[in-house]
Amino acid sequence: LCISDHMTLTAPPRALAGRLLLIPGLEWNSSIGEHMTVCSFRRPVLQRCVKSDDQAALLHFLAKQPALVVLNHPNWQEPCHYSREVLMARKSAHGIEIYNGVIERLPGSALATDKWDQLLSSGRRVLGFASDDAHRLEDIGQGWIVVRAAARTPQAVVEAIRQGNFYSS
């Protein structure tokens with residue numbers, strides 16, 4: 001589980017410690033509406049994300065860090081969060097959200113498999129993620145990933161994801 005609140009480093013609830021694998025992360029968003037999930041075991045990396053508003057510069061920084069970066073809900077709202085051209089330019093992100101459950105009740109399309117297909121067809125290795133993006137109780141359980149990791153540790157899970165050893169549902 002990654003609790004990735006907007007521009008907030010959320011401390012895992014103590015009641016969950018030991019029962020769930022918790023992966024440190026946040027949902028970064030810029031003043032112009034770009035959103036991405038950043039997972040990292042280095043707190044200074046996540047703290048720098050909170051202080052940045054320039055996605056291109058932040059992606060350049062994150063490319064050199066032990067982090068997992070996913071561009072979120074490309075087909076949310078009009079105009080959509082990420083055009084095809086912007087996605088093509090964001091080369092250092094590991095993946096994009098190809099399904100976002102909360103958009104089932106918001107303007108836009110919950111699916112972004114069209115944009116994922118374009119990236120893959122261009123020769124890019126881009127991972128496809130599903131998320132429920134829960135903002136309300138009714139949002140829980142709409143999208144998730146299942147990971148096949150070498151060990152039951154947060155680090156092994158993130159490494160398996162980076163290798164593409166998961167599926168989205």
Side-chain angles (χ1 to χ4, degrees), residues 1-10 22-40 45-46 48-63 65 67-147 157-158 160-162 164-169:
L1 175 66
C2 178
I3 301 170
S4 55
D5 204 355
H6 293 269
M7 301 301 278
T8 304
L9 296 172
T10 303
L22 299 171
I23 298 170
L26 60 83
E27 183 171 2
W28 176 89
N29 47 276
S30 72
S31 58
I32 61 170
E34 301 155 316
H35 290 206
M36 64 185 180
T37 298
V38 180
C39 298
S40 178
V45 170
L46 296 173
R48 179 151 175 189
C49 292
V50 172
K51 296 175 184 173
S52 177
D53 191 55
D54 181 339
Q55 188 179 46
L58 186 56
L59 283 168
H60 181 73
F61 165 75
L62 291 169
Q65 303 301 319
L68 174 70
V69 179
V70 179
L71 302 178
N72 293 350
H73 28 277
N75 286 338
W76 181 34
Q77 299 179 325
E78 288 297 326
C80 58
H81 264 46
Y82 292 102
S83 67
R84 292 172 188 271
E85 295 75 27
V86 169
L87 285 174
M88 290 297 285
R90 301 295 190 253
K91 294 182 182 190
S92 59
H94 298 99
I96 67 168
E97 230 175 22
I98 59 171
Y99 176 79
N100 183 288
V102 78
I103 300 173
E104 295 287 0
R105 64 175 175 82
L106 298 173
S109 173
L111 288 174
T113 51
D114 59 326
K115 290 180 177 171
W116 189 36
D117 184 54
Q118 178 195 8
L119 292 167
L120 294 172
S121 295
S122 75
R124 296 261 306 276
R125 182 181 186 273
V126 180
L127 303 170
F129 292 83
S131 167
D132 54 22
D133 198 357
H135 287 248
R136 299 180 186 168
L137 285 175
E138 71 236 34
D139 300 332
I140 295 173
Q142 294 189 38
W144 58 87
I145 67 171
V146 176
V147 182
V157 169
V158 170
I161 293 169
R162 286 178 62 123
N165 208 355
F166 70 95
Y167 68 87
S168 298
S169 186

Side-chain contact test, heavy atoms from C-beta onward, threshold under 4.5 Å: evaluate it for F61 versus V45 and give yes or no. yes
Can you name the one residue among W116, Y167, Y99, F166 that meets ring-ring contact (aromatic ring centres under 6.0 Å, His included) with F129? F166
Is the shortest heavy-atom distance from the side chain of C49 to the side chain of L58 under 4.5 Å? yes
Do the ring planes of H81 and H35 sit parallel (below 30°), tilted (30 to 60°) or perpendicular (above 60°)? perpendicular
Is there a donor-acceptor contact under 3.5 Å linking the side chains of H135 and D133? yes
Side chains of M88 and S122: does their closest heavy-atom pair fall under 4.5 Å? yes
Test side-chain hydrogen bond (donor to acceptor under 3.5 Å, both in side chains) on T37 and N72; report intermediate values, then the result. CA-CA 7 Å; T37 298; N72 293 350; 3.0 Å; yes
Are any non-hydrogen side-chain atoms of R136 and V102 less than 4.5 angstrom apart? no
Check whether any side-chain heavy atom of E97 lies under 4.5 Å from a side-chain heavy atom of N100, and answer yes or no. yes
For residues S31 and D53, is any side-chain donor paired with an opposing acceptor at under 3.5 Å? yes
Approximate separation, where rounding is to 0.5 Å, of Q118 CD and L87 CG: 7.5 Å
Verify side-chain contact (heavy atoms from CB on, under 4.5 Å) between I103 and N75, making sure each step is shown before the conclusion. CA-CA 9 Å; I103 300 173; N75 286 338; over 6 Å; no
Checking side-chain polar atoms at under 3.5 Å, does Q55 have a donor or acceptor matched by the opposite partner on R90? yes
Let me see the working for L1 and I23 under side-chain contact (heavy atoms from CB on, under 4.5 Å), right down to the final yes or no. CA-CA 6 Å; L1 175 66; I23 298 170; over 6 Å; no
Go through the steps for I145 and I161 under the test side-chain contact (heavy atoms from CB on, under 4.5 Å), then give the verdict. CA-CA 9 Å; I145 67 171; I161 293 169; 3.7 Å; yes
If we only count heavy atoms from C-beta on, is the D5 to L26 side-chain gap below 4.5 Å? no
Heavy-atom distance under 4.5 Å between the side chains of P24 and L46, does that happen here? yes
Distance (rounded to the nearest 0.5 Å) between H94 NE2 and L62 CG: 9.0 Å
Between S52 (side chain only) and R48 (backbone N and O only), is there a donor and an acceptor less than 3.5 Å apart? no
